[in-house]
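Chain A is the first sequence line, chain B the second, and so forth, proteins listed ahead of strands; every chain is numbered from 1. All heavy atoms count here, side chains included; hydrogens, waters and symmetry mates do not.
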Amino acid sequence: MKITKPRGTRDFLPAETTRRRYVENIMREVVKNWGYSEVITPTFESLDLFTLKSGEGIVGELYNFTDKGDREMTLRPELTAPVMRMFVNEMQATPKPLKLFYFENCFRYERPQKGRFREFWQFGVELMGSSKPDSDAEVIALASSMLRATGIKGSLHVGHLGILRHILSSLDNEQQSKIMRFVDKKDDTGLDDYLEEINASVDIRRNILELICLTGEDAVNKARTITGEIPELDTFEELLVLLDAYGIEYEIDFGIARGLDYYTGMVFEIYSESLGAQNQICGGGSYQLIKLFGGGDIPSTGFGLGFDRIMEICKIEPKKQKIIAVIAMETTRIETIRIANKLRDFLPVHIDLMGRNFKSQLSYANTISVDYVVIVGEQEIETGKVTLKDMETGKQALMTIEDVIQKVSQ
RNA sequence: GCCGGGGUAGGGUAGCGGUUAUCCUGUGGCCCUGUGGAGGCUACGAUCCGAGUUCGAUUCUCGGUCCCGGCCCCA
């Protein structure tokens, strides 16, 4: 019986794994240079952690299970909640700002499609302890810098929920949430119908519709004419100044709502073309979750990057490392192992494990495209040297191991 | 949960009621136990699963499953 992999999961073959690790390392380099520290949380958590954050409704999208002690658990569908839980459990007394990052696999029980899998990888950052626009700006700049490092051009949309919330402040919470949903989906007719349904005032209707289509340099000033002087706009303006200082291109977009209630102010999303329906590669914002998990009143800001989508659009290829094969004769196998071991301090080395004859070993070396072969034959052993053959030029020469090391590691 | 398109050796494919299931490639071995890439020979290897129609199904029908794309959702 042939066992297939579970739906929505993938096997990564050596070439693809190498590419993924290469890109991952580029991104790690960037966050490390911004002073963020990596954390790892459990692959599964209590189901409650996620229902608390996102409501009972998400259970349908989770890989949840009851363990042998009758505990309701789930594979993590995302990493913000686990990191917040970890912070509340054991990091509340650490100095602020606290700058963390993670890169892990997550699991969602959803219908697979382009750029969407049941097991997927998220690279994310959480900055805790500051509510200043400086933190928001840093987080956006970091996301954008990570993408740039992988050669991806995304379009960055930045907004602020406070402004829309201000307009909606006379409505009740449920109405606000619903409106935010329509806005987030860019469902203008749905929004219109709903505003009609709840009998919203003409002012509110006009203001919402005007606000969500504001773009361009003048957007903040135009927003001011709608809302009047509100502190959220000042904060947002400060943020934009900082983004300019970072040299980042952005588009103001008050239409980003990001559904959930715990987002407090700045929100941003980065999109990429050529990804089909799932074109968002990064989303983030400032939020207030720690209190929900029983911690203090700690403002946070962060983002999550969809690593799999990044891998789909990023074209960079890892630099090929030089590799070498040591070729043995029937009588020199022992000596070959000694020589291979010496070379392994410097580069990847293959030796024959198939009991192949000389010619087949060479042919195999060619097939796996090694850069050099080292021939260890009886003649070589007598002279205390080996033959180094450059597989590209076909040239070869007798030399000592030390010379080989010098030659191949340059 | 819903809609559309698919599924033939490891990869790429042909056949579309009866074939020894085609070809390319790959992998192992040999030709060739001290020199690779070419060539020759040889071995390995497939009709997604299950029902139905039929004398006979890879081919037709239905169901399932998985893949691809889209809707919903997207923390």
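Relative to the six-membered ring of Trp121(A), Arg20(A) meets both conditions, a distance below 6.0 Å and an angle of at most 45° to the axis. Within the cation-pi definition used here (under 6.0 Å to the ring centroid, within 45° of the axis), Arg76(A) does not qualify as a partner of Phe44(A). The side-chain tip of Arg108(A) does not point at the ring of Tyr63(A) from less than 6.0 angstrom away and within 45° of straight on.
Comparing Lys5(A) and Leu62(A) by the nucleotide of RNA chain B that holds the closest heavy atom to each, the one mapping nearer the 5' end is Lys5(A). Residues Glu110(A) and Thr4(A) both approach RNA chain B. Their nearest nucleotides, taken by heavy-atom distance, put Thr4(A) toward the 5′ side.
Not counting sequence neighbours, Lys359(A) has no partner by the salt bridge (charged side-chain N to carboxylate O under 4.0 Å, His left out) test.
Atoms CD (Gln361(A)) and C1' (rG37(B)) sit 17 Å apart, rounded to a whole Å. At whole-Å resolution of the value, OH in Tyr372(A) and P in rU35(B) are 23 Å apart. What separates OH of Tyr262(A) from P of rA75(B) is a distance of 7 Å, to the nearest Å. We find that NZ of Lys185(A) is positioned 12 Å from P of rA75(B), with the value rounded to whole Å. One atom, CD of Glu56(A), and another, C1' of rA75(B), lie 14 Å apart when rounded to the nearest Å. If you take CZ of Arg181(A) and C1' of rA75(B), they are 10 Å apart, rounded to a whole angstrom. Put simply, CD on Glu382(A) is 15 Å from P on rG34(B), counting in whole angstrom units. The nearest whole Å value for the distance from the CD1 atom in Ile324(A) to the C1' atom in rG36(B) is 15 Å.
Considering only side-chain atoms of Pro77(A), the nucleotide from rU35(B), rA75(B), rG34(B) that sits closest is rA75(B). Candidate nucleotides rG34(B), rG37(B), rA75(B) were compared by shortest atom distance to the side chain of Asn366(A), and rG37(B) ranks first. Nearest nucleotide to the Met354(A) side chain, out of rG34(B), rC72(B), rG29(B): rG29(B). Taking the side chain of Arg111(A) as heavy atoms from C-beta on, and the options rA75(B), rC2(B), rU35(B), the nearest nucleotide is rC2(B). If you check rG34(B), rA75(B), rC68(B) against the side chain of Glu378(A), the one that comes closest is rG34(B). Closest to the side chain of Gln278(A), out of rC2(B), rC73(B), rU35(B), is rC73(B). Of the candidate nucleotides rU35(B), rU33(B), rG70(B), rU35(B) has the atom nearest to the side chain of Gln396(A).
Distance check on atom C1': rA46(B) versus rG15(B) gives 14 Å, rounded to whole Å. Taking atom P in both rG50(B) and rU25(B), the straight-line distance is 33 Å, to the nearest Å. Across the C1' atoms, rC2(B) and rA43(B) are found 49 Å apart, a figure rounded to whole Å. Comparing the P positions of rG63(B) and rC3(B) gives a spacing of 11 Å, expressed to the nearest Å. Nucleotides rG17(B) and rC71(B) are separated by 37 Å at their P atoms, to the nearest Å. One C1' atom belongs to rU59(B), the other to rC41(B), and the distance between them is 35 Å to the nearest Å. Between rC68(B) and rU61(B), the two C1' atoms lie 24 Å apart (nearest whole Å). To the nearest whole angstrom, the two C1' atoms, one in rU20(B) and one in rG28(B), are 24 Å apart.
At a cut-off of 3.5 angstrom, the base of rC73(B) holds no donor-acceptor pair with the side chain of Arg108(A).
Here Glu269(A) lies out of heavy-atom contact (under 4.0 Å) with every strand. Across all strands, Thr80(A) comes closer than 4.0 Å to no nucleic acid atom at all (heavy-atom distances). Here Ile375(A) lies in heavy-atom contact (under 4.0 Å) with a base. Within 4.0 Å (heavy atoms only), Gly60(A) reaches no atom of the nucleic acid at all. Across all strands, Gly124(A) comes closer than 4.0 Å to no nucleic acid atom at all (heavy-atom distances).
Remark: rG52(B) base-pairs with rC60(B). Criterion, Watson-Crick or G-U wobble with two distances under 3.5 Å. Pairing partner, rG34(B): none, since no Watson-Crick or wobble contact has both distances short of 3.5 Å. The partner of rC71(B), taking Watson-Crick or G-U wobble pairs whose two distances both stay under 3.5 Å, is rG1(B). As the counterpart of rA46(B), no nucleotide is assigned, since no Watson-Crick or G-U wobble pattern has both distances under 3.5 Å. Across all strands shown, rA21(B) has no partner, as no Watson-Crick or G-U wobble contact with both distances under 3.5 Å is found.
Between Phe123(A) and Tyr102(A), a ring centre-to-centre spacing not shorter than 6.0 Å is recorded. You'll find the ring centres of Phe101(A) and Phe303(A) outside the 6.0 Å limit. Aromatic ring centres of Phe182(A) and Tyr194(A) lie closer together than 6.0 Å. Residues His157(A) and Tyr271(A) bring their aromatic ring centres within 6.0 Å.
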Give me the distances for all protein-to-nucleotides 30-32 of chain B N/O pairs that come in under 3.5 Å?
{"from": "rC32(B)", "atom 1": "O2", "to": "Lys359(A)", "atom 2": "NZ", "distance (Å)": "3.4"}

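Nearest heavy-atom pair, Arg85(A) versus Pro42(A), reported as atom, atom and distance to 0.1 Å: NH1-CD, 3.9 Å.
Taking 4.0 angstrom as the limit, Arg7(A) places a side-chain polar atom (N or O) nearer than this to OP1 or OP2 of rC67(B). The phosphate of rG29(B) has OP1 or OP2 within less than 4.0 Å of a side-chain N or O from Arg356(A). The side chain of Gln113(A) places no N or O atom within less than 4.0 Å of a non-bridging phosphate oxygen (OP1 or OP2) of rG69(B).
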Evaluate Leu161(A) against Met266(A) for side chain to side chain contact (heavy atoms under 4.5 Å, CB included), listing each step before the verdict. CA-CA 6 Å; Leu161(A) 293 184; Met266(A) 181 278 287; over 6 Å; no
Ile208(A)/Leu195(A) under side chain to side chain contact (heavy atoms under 4.5 Å, CB included): CA gap, chis, key distance, verdict: CA-CA 10 Å; Ile208(A) 294 175; Leu195(A) 290 171; 4.0 Å; yes
